[in-house]
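Worksheet: the structure to be examined is printed underneath.
Residue numbers begin at 1 in each chain, while the letters A, B, ... track the order of the sequences. Note that the structure is predicted; figures quoted are calculated from it, not measured.
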Number of protein chains: 2
Amino acid sequence: MTDKKLTLADLAKLAGVSTSTVSRALNDNPLIKQETRDKLQHLAKQHNFSLNTAASRLRSQKTNVVAVIINLDGDTEQSISDPFLLKVVGEINLALNKQGLELLLSNSFMASDDWANYFINSRRADGIIVVGQGKSQANIEAAANAGVPLVVWGDPKTPSNYPIVGSDNYLGGRLASEHLLAAGAKNIVFLGDPGHAEIGERHRGYMAAIAAANVTPHVVSIDITSRAAYQAINQLLLDKGLCFDGIMACSDMVALGAMKALKERYISIPNDVALVGFDDIAMADISHPSLSSIKQNTQRASVLLVEKLLAQLMGHSAQSQVVEIELISRQSSQR
Amino acid sequence: MTDKKLTLADLAKLAGVSTSTVSRALNDNPLIKQETRDKLQHLAKQHNFSLNTAASRLRSQKTNVVAVIINLDGDTEQSISDPFLLKVVGEINLALNKQGLELLLSNSFMASDDWANYFINSRRADGIIVVGQGKSQANIEAAANAGVPLVVWGDPKTPSNYPIVGSDNYLGGRLASEHLLAAGAKNIVFLGDPGHAEIGERHRGYMAAIAAANVTPHVVSIDITSRAAYQAINQLLLDKGLCFDGIMACSDMVALGAMKALKERYISIPNDVALVGFDDIAMADISHPSLSSIKQNTQRASVLLVEKLLAQLMGHSAQSQVVEIELISRQSSQR
DNA sequence: CTGAAAGCGCTAACAC
DNA sequence: GTGTTAGCGCTTTCAG
């Protein structure tokens, strides 16, 4: 900061052209001759000039910023450090940048409840990406009803008037359960919280597979954290002994917590109990035995989320969309 | 969005006062009578009014936005999904929000190299928090030299003209190594990349402990990922057999990768090989055996980072600062 | 304690 | 192709 801040007008004077020409040139407006554009862009670089985004946003009424809200339930221990959610945020960041958009990070605890007002009305951002449906869609719906450009990572099958991108959770739950059945499991525990939108679908898939195989379902409802899973499986073993031979966990973190409880009691994985998780986080591959999982295509989903948001920003409408999933079979379910 | 956007002037007209009064009232300026303030704030809420941040930023020349840059080396596989880095970002987010600041998320790949120009000159943000020193401090130094308010999460002992907040990595490395020695290990491998600032300090601590115990150091330099650790330990075992009885890993992810290689070969942890990691991520507690680790106080560090940035924004200077660490002893090192 | 008025730096009609 | 000009909506002196 040796020299005081240049303005567009200063630059125009330096170049001997008008401010509009400089403005257009720096925004790569094809109205301006290529040669002039190059010259002015070079000059800007040389003088370390950068458009004042505040002024440009005020004038043009758009920000090129997208608010990303990590939507956690108030009553869960699932934290903002959940590896899967953060992986999604990372991918969204990449997808946004590729479109020249910036990412304003928020979470559902800090921003006030009125997202439309806080983010859009105040011109903080042009649109919103919500990561996670949580148990209540009230905030999301309110914002969508207020006409805010909005997309959600969640369960695409939830009826909604805003686009939801996410995995086929029902299919994922079914595939995971069928995989366990194919491995010979007969008493499969579903470990997770069916009250949560995405997990509810996984649970439905589980129930379908269980019913088709004519065996008895066994749902253990827990908060979706490793710790809760560890405690729940411990308790189950204490209360009823080894009354199951398979676990379909609603996430990898939950599966890993369950695995720990099993390993501590020398219950063999996969021989005594086979396990499948969900998300395919990095740890699934690194755990021992490695954890089978349903892999969600977060990268593709992020690109779709940004595309659909962009569509809305241009006044078009966009639909919910399912992204493919894949069963990754590893040691925890192979016997 | 039923009604068209209100402006401050509209609101002033509605209330029968001037725009300056409304502006002051909404910004809680004590010049305005409490009663008037309350009335106007209530009116704003009622009409769903929100100040246009673009206009207010343009006028006041400050944004209340802080850019957080995740600073990764170009040549590492350590990804933006690294659980530790993301945990730090989450904590910073909280700390910023508590001060009424917003978080613009970036990473070193997307933003151009000239941070001063891109973030500050353009008025995208008032200051920068860099998460991770990486191997090169060139970008950071350039920004700091340009007079940008800037703080860094990294190794506080690195000489610098900007404040660095981070753990006492030297002490952490030493404590971890001494802990392994106390557990009876005599051939301790250091697993990590000493070329990286923070890890270099951990390595120095390791070397000090090793020298004091009069045993031989053994450094295995790898990219700081689980996968690289898994492969390196596998290779080492293939080449030289079980030539070590302890591993001091530069991070928990690295430690977990190493653990997998050991477990696959039925090498007992901690009896054959004792292990200590670094970071104390959630998985350390959930792995089996649970992983001993050096816990970094990320929450305290985040608060300090924000404080020091704020100090700079107010024209004061700020110093680097060390936050305390703690050895968490778990099964992987207890014998 | 409140009001009047001058801009912050840029963009986009509208001219030429 | 390029220039002139009128604001975008707010904050902040300065006056009272």
Side-chain angles (χ1 to χ4, degrees), chain A residues 3-41 43-44 47-65 100 117 119-126, chain B residues 3-41 43-44 47-65 100 117 119-126:
Chain A
D3 4 292
K4 54 166 44 98
K5 180 80 176 76
L6 278 183
T7 69
L8 197 154
D10 297 333
L11 208 64
K13 207 162 295 169
L14 275 170
V17 296
S18 73
T19 57
S20 25
T21 302
V22 180
S23 171
R24 290 184 182 117
L26 296 186
N27 288 306
D28 250 333
N29 186 322
L31 274 177
I32 303 293
K33 212 191 328 181
Q34 185 66 52
E35 192 193 320
T36 320
R37 258 188 278 168
D38 289 346
K39 199 186 72 188
L40 291 172
Q41 287 178 9
L43 192 72
H47 286 268
N48 234 287
F49 173 80
S50 203
L51 286 170
N52 182 319
T53 53
S56 134
R57 285 170 187 172
L58 173 57
R59 179 58 231 236
S60 65
Q61 306 281 35
K62 61 195 295 284
T63 64
N64 288 316
V65 171
N117 196 33
F119 290 109
I120 309 300
N121 221 4
S122 71
R123 298 284 127 86
R124 262 172 250 267
D126 297 332
Chain B
D3 3 293
K4 53 166 44 102
K5 179 80 176 78
L6 280 183
T7 69
L8 197 153
D10 297 333
L11 207 64
K13 207 162 294 169
L14 276 170
V17 295
S18 73
T19 57
S20 15
T21 302
V22 181
S23 171
R24 290 185 181 115
L26 296 186
N27 288 306
D28 250 333
N29 186 323
L31 273 177
I32 303 294
K33 211 190 330 182
Q34 185 67 53
E35 192 192 319
T36 320
R37 258 188 279 168
D38 289 345
K39 200 186 70 188
L40 290 172
Q41 288 177 9
L43 192 72
H47 286 269
N48 233 288
F49 173 80
S50 204
L51 285 171
N52 182 320
T53 53
S56 122
R57 285 171 187 173
L58 172 57
R59 178 58 233 235
S60 65
Q61 305 282 35
K62 62 194 295 284
T63 64
N64 288 317
V65 170
N117 195 35
F119 290 109
I120 308 301
N121 221 3
S122 72
R123 299 283 126 88
R124 262 171 251 267
D126 297 333

When rounded to whole Å, the CD1 to C1' distance for the pair B:I32 and D:dT11 reads 12 Å

Hey, does the side chain of A:N52 come within less than 4.0 Å of C:dC8's phosphate (OP1/OP2), counting only N and O? no

Checking D:dC10, D:dT11, C:dA12 against the side chain of B:F49 (C-beta onward), the nearest is D:dC10

Indicate yes or no: at least one non-hydrogen side-chain atom of A:L51 is less than 4.5 angstrom from one of A:N27.
-> yes

A:N29 atom CG is separated from C:dC10 atom P, nearest whole Å, by 16 Å

- prompt: Are any side-chain N or O atoms of B:R57 and backbone N or O atoms of B:T63, one a donor and one an acceptor, separated by less than 3.5 Å?
  reply: yes

note: B:L26, atom CG; D:dT12, atom P; distance rounded to Å ~ 13 Å

Query - Donor-acceptor pair between B:S56 and B:T53 side chains, under 3.5 angstrom - result: no

Side-chain atoms of A:R59 come closest, of C:dA12, C:dG3, C:dC1, to C:dA12

**Item:** Under 4.0 angstrom between B:Q61 side-chain N/O and D:dT12 OP1 or OP2
**Value:** no

B:R124 CZ to C:dG9 C1', in whole Å, measures 14 Å

* To do: Indicate, with a heavy-atom threshold strictly under 4.0 Å, whether B:T36 touches base, sugar-phosphate, or nothing.
  => sugar-phosphate

Between CZ of A:R37 and P of D:dG1 the distance, given in whole Å, is 10 Å

Note to self: Counting only heavy atoms from other residues, nucleotides and ligands, does the tally under 6.0 Å from CD of A:E35 exceed 12?
What the structure shows: no

| query | Any donor-acceptor pair under 3.5 Å linking the side chain of A:N29 with the backbone of A:L31? | reply | yes

Nearest heavy-atom contact between B:I32 and B:A25 is CG1-N, 4.1 Å

Rounded to whole Å, the CG-P distance (B:L31 to D:dT12) equals 11 Å

Just checking B:S23: base, sugar-phosphate only, or nothing, at a heavy-atom cut-off of under 4.0 Å? base

Per atom distances to the B:L51 side chain, the nearest of C:dC8, D:dT11, C:dC10 is D:dT11

Notebook entry, point to check: Reckon B:S56 has a side-chain N or O less than 4.0 Å from the OP1 or OP2 of D:dC10?
Noted result: no

Whole-Å distance, B:L6 CG to D:dC10 P, equals 10 Å

Have a look at B:L58 and say if it touches a base, only the backbone sugar-phosphate, or nothing, with a 4.0 Å heavy-atom cut-off. base

Sequence neighbours excluded, the answer for side-chain contact (heavy atoms from CB on, under 4.5 Å) partners of A:K62 is A:S60, A:N64, A:D126

Identify each atom pair where a protein N or O and an N or O of nucleotides 13-16 of chain D are less than 3.5 Å apart, giving names and distance.
from, atom 1, to, atom 2, distance (Å)
D:dT13, O4, B:R24, NH2, 3.0

Among the nucleotides C:dT2, D:dT11, D:dC8, whichever has the atom closest to the side chain of B:S60 is D:dT11

To the nearest angstrom, the CG-C1' distance between B:N27 and C:dC1 comes to 17 Å

query: Between the side chain of A:S122 and the main-chain N/O of B:S50, is any donor-acceptor distance below 3.5 Å?
result: no

